[in-house]
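I have placed the structure first, in the form of structure tokens, so that the comments after it can refer back to it.
In the text below, chain A, chain B and the rest are named by the order of the sequence lines, each starting its count at 1.
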Protein chains: 2
Amino acid sequence: MEKDVTIYDIARLLQLSPATVSRALNDHPAINSNTKHMIASKAKEMGYRSNMFASNLRRQRTSTIGVIVPRLDSYFMSTVLAGMEKVANDANYNLIISQSLESVKKEVANAKTMFDSRVDGLLVSLAADTENLDHFNTFFQKGIPMILFDRIMPQKNCTNIVIDNVKAGYDATSHLIEQGCRRIMHMTGNIKRNVYEDRLKGYKLALMDHGLTVDDALVQLTNLTRQDGLQMADHIKHMASPPDGLFVANDFCAVSCMGALKANGFSIPGDIAVVGFNNDPVSQVIEPNLTTVHYPGQEMGEIAAQSLINHLNGLLRINTTNTILLNYELVVRASSLRTPPAESR
Amino acid sequence: MEKDVTIYDIARLLQLSPATVSRALNDHPAINSNTKHMIASKAKEMGYRSNMFASNLRRQRTSTIGVIVPRLDSYFMSTVLAGMEKVANDANYNLIISQSLESVKKEVANAKTMFDSRVDGLLVSLAADTENLDHFNTFFQKGIPMILFDRIMPQKNCTNIVIDNVKAGYDATSHLIEQGCRRIMHMTGNIKRNVYEDRLKGYKLALMDHGLTVDDALVQLTNLTRQDGLQMADHIKHMASPPDGLFVANDFCAVSCMGALKANGFSIPGDIAVVGFNNDPVSQVIEPNLTTVHYPGQEMGEIAAQSLINHLNGLLRINTTNTILLNYELVVRASSLRTPPAESR
DNA sequence: TCTAGTAAAGCAATCGGTTGCATAAAAATT
DNA sequence: AATTTTTATGCAACCGATTGCTTTACTAGA
């Protein structure tokens with residue numbers, strides 16, 4: 001357990017002052033480039049590593065970014081984090097990641113922890129039942145930048161990164177209509193969350209644009225769990241006139257519902273055509289494969305992290321409320337395809 | 001953007017020395033309890049938060065634990081991390097989480113980052129192709145404790161936390177045998193990893209104990225991806241005498257294989273009984289529901305984190321190579337049940 | 001009353017970089 | 001040759017909490 005090498009050790013060996021060593025290692029312009037090289041190689045030789053705590057203490061910043069997400073256990077979130085990690089590593093930032101498990105209470109606690117850890121900035125995707133951003137006020141007051149992604153909420157001085165969920169919901173619903181569906185059910189999550197609210201909006205718009213009426217009985221708000229999917233299948237079974245199309249705002253729930261529907265004798269897509277959301281791997285496990293909306297997690301993570309870091313480095317200002325929209329893609333698979341695909345020439 | 005409150009501010013207002021304030025806040029015995037209360041309430045009133053960097057710098061420790069896992073996007077890993085987070089928060093430790101994405105290269109990079117961040121300890125689950133622990137040598141040399149969980153590798157001075165994969169594999173295979181299977185195929189991952197190696201061992205032992213011979217053609221090493229599952233189904237379809245039982249070391253892969261088998265006209269469990277591993281939620285999506293091995297992620301995370309923290313606090317020594325075994329459970333579902341369940345009275 | 005003992009609090013050094021402000025040496029200008 | 005400018009480096013204070021050692025103020029025992 002040898003002692004750590006410090007800039008003082010390097011300075012002593014090279015007959016220089018610690019100040020010079022510090023500047024050299026930070027590539028300060030006032031240092032002669034020969035000196036820099038000499039110091040750099042000596043540092044490497046001695047196995048020097050900068051003491052982040054001394055540095056942070058003096059600089060009053062931490063090179064740490066806090067990340068709060070509802071859950072880690074989705075393919076989507078995993079790719080988001082991979083993207084963030086990549087960017088953060090390249091920029092010499094650390095990530096502190098925590099999950100709210102969809103509860104405001106835990107989100108509040110996480111925010112406090114992040115604050116006490118003095119993160120330089122925050123990347124957040126909101127829990128299901130978060131009503132407001134009051135628990136982030138300490139950050140706003142201190143001018144600590146925060147970026148919301150995917151599960152967002154309008155907020156002054158806060159960049160949002162998201163896909164156009166209204167349009168995506170519109171496309172998904174329109175696709176079902178084009179496949180001949182006329183009674184389309186929409187199953188979604190807590191509409192406090194933009195992602196669900198907007199998909200619902202898109203659903204309604206698509207119906208209206210195609211001359212269909214919105215039947216409130218066909219809009220079902222749930223928690224989108226496996227259990228909810230099963231219950232919905234049961235509900236559909238007992239409906240006087242069941243839907244002929246089903247748009248679920250989450251693949252996993254869609255898939256569990258499909259399984260139960262099949263077990264109850266519904267044919268998919270014959271009786272009911274189904275579209276999910278997120279392009280979770282499970283969508284390719286179920287038979288028939290699930291039509292879904294894909295959007296780029298890795299890219300969303302990279303952009304979120306990069307925007308935050310750029311802002312921290314003064315390269316970009318997040319002073320005006322601004323929103324970055326990413327592209328999505330409707331991935332059509334068998335669960336919704338009633339017409340044979342158009343001939344490809 | 002007000003300035004932060006420091007112990008000097010508190011000291012000045014209360015006409016005390018910073019030393020006393022520091023000791024009081026750390027509940028030092030030499031401080032009068034009235035003084036402690038007075039300081040504590042003043043600190044709260046002023047919104048004081050300790051500067052971890054000053055503290056870390058002085059104490060030469062970071063109150064940070066590094067976590068390296070292959071991937072974040074499994075239900076299992078998400079629960080593990082939830083458990084770690086809980087324990088770490090309660091003990092005032094921070095977590096730095098990174099994923100190796102199953103690549104040694106990234107694992108090495110992550111280890112370096114963790115080292116430079118001066119984590120107090122490390123919790124690691126190894127990537128698929130990690131051959132040795134050389135990239136953690138810097139930690140061993142410095143005496144920084146490390147605990148391996150789930151994907152482990154024997155190592156001096158390193159606690160391992162794991163389930164008895166041999167026994168679990170044995171139980172899964174025995175269950176299939178009890179259901180009347182005689183040609184049981186085993187599909188597993190890279191047997192560099194204990195989890196796969198051991199499950200394979202258990203599989204072989206069970207066969208032998210029940211008087212069945214091990215047929216190498218029935219042991220398939222793959223990456224356990226969706227694609228691998230599909231290919232395996234195809235392979236089985238073309239076998240002269242297909243297996244009547246299938247034990248897959250991963251639920252997701254098992255499920256994709258099942259789907260393809262069904263599409264090829266195999267009945268499950270009639271023609272082939274299937275058992276998976278991990279109790280992933282997807283096991284309850286597929287029809288028939290998948291028999292699988294459940295083990296407690298949250299608990300594994302809690303125990304790993306708690307053991308590490310105890311060691312850091314000197315309450316527990318990880319000096320001898322020791323292994324903590326957690327319980328698992330074979331969850332029998334329809335995919336393997338050929339006999340009606342015994343009457344429950 | 002005097003001294004030893006104890007409880008409570010303060011002094012000052014320390015952890016390892018960073019940075020504003022000198023300073024010294026070399027180069028350029030007059 | 002004298003002066004200004006540029007380049008390269010050093011000095012020393014600072015960031016905020018911690019802690020070994022002292023000091024002060026009481027209390028108890030002789």
Side-chain angles (χ1 to χ4, degrees), chain A residues 1-40 42-43 46-64 92 94 115-118 120 142 313, chain B residues 1-40 42-43 46-64 92 94 115-118 120 142 313:
Chain A
M1 211 180 311
E2 338 81 70
K3 283 239 348 201
D4 264 324
V5 180
T6 72
I7 55 170
Y8 295 92
D9 300 327
I10 300 177
R12 195 167 353 96
L13 262 81
L14 294 177
Q15 310 260 51
L16 288 168
S17 80
T20 304
V21 175
S22 172
R23 291 198 176 95
L25 292 172
N26 287 306
D27 205 23
H28 191 286
I31 305 295
N32 185 297
S33 73
N34 293 326
T35 317
K36 277 184 192 167
H37 286 134
M38 156 170 285
I39 290 177
K42 196 71 180 177
M46 300 175 70
Y48 168 80
R49 54 176 180 157
S50 164
N51 186 320
M52 292 172 54
F53 302 101
S55 174
N56 288 340
L57 175 59
R58 179 60 223 240
R59 289 185 140 129
Q60 302 284 49
R61 41 173 246 162
T62 66
S63 298
T64 297
N92 280 312
N94 270 329
F115 188 68
D116 289 341
S117 303
R118 287 176 156 72
D120 286 344
K142 270 212 150 354
N313 293 337
Chain B
M1 211 181 311
E2 335 82 70
K3 283 237 355 201
D4 265 323
V5 179
T6 72
I7 53 169
Y8 294 92
D9 300 325
I10 300 178
R12 195 166 353 94
L13 261 80
L14 294 177
Q15 311 259 51
L16 289 168
S17 79
T20 304
V21 176
S22 172
R23 290 199 175 93
L25 292 172
N26 287 307
D27 206 23
H28 191 285
I31 304 294
N32 184 297
S33 73
N34 293 326
T35 317
K36 277 184 192 167
H37 288 133
M38 157 170 284
I39 290 176
K42 196 71 180 178
M46 299 174 69
Y48 168 80
R49 52 177 181 158
S50 163
N51 187 320
M52 292 171 54
F53 302 100
S55 175
N56 289 339
L57 174 58
R58 180 58 222 245
R59 287 184 141 128
Q60 301 283 45
R61 45 175 240 160
T62 66
S63 299
T64 297
N92 281 313
N94 270 329
F115 187 68
D116 289 341
S117 303
R118 287 177 155 73
D120 287 343
K142 269 212 152 355
N313 293 338

Rounded interatomic separation in angstrom, taking CG from L16(A) and P from dT7(D): 20 Å

T64(B) side chain to N94(B) side chain, donor-acceptor N/O pair below 3.5 angstrom: no

Side-chain N or O of T35(A) closer than 4.0 Å to phosphate OP1/OP2 of dT9(D): yes

d(CD1, I31(A); C1', dT19(C)) in whole Å: 12 Å

Gap between atom CE of M38(A) and atom CD1 of I10(A) - 0.5 Å precision: 12.5 Å

For atom CG of N56(A) and atom P of dT18(C), their distance in whole Å: 9 Å

Whole-Å distance separating the CG atom of N34(B) from the P atom of dA7(C): 16 Å

Gap between atoms CG and C1', on N32(B) and dT6(C) respectively (whole Å): 13 Å

pair L57(A)-N51(B): side-chain heavy atoms closer than 4.5 Å: yes

Integer-rounded Å distance: dG16(C) P and R12(A) CZ: 12 Å

Rounded distance in Å - CZ (R61(A)) to P (dT19(C)): 9 Å

Spacing of K36(A) atom NZ relative to dA8(D) atom P, expressed in whole Å: 9 Å

Sequence-aligned protein contact record of nucleotides 14-20 of chain D, with B where the base is within under 4.0 Å of a protein heavy atom and S where only the sugar-phosphate is: BBBBBBB

Backbone N/O of A11(A) and side chain of K42(A): donor-acceptor pair under 3.5 Å: no

Close side-chain approach of L16(A) to I39(A), heavy-atom, < 4.5 Å: yes

Worked check of side-chain hydrogen bond (donor to acceptor under 3.5 Å, both in side chains) between T62(A) and D120(A): CA-CA 6 Å; T62(A) 66; D120(A) 286 344; 3.2 Å; yes

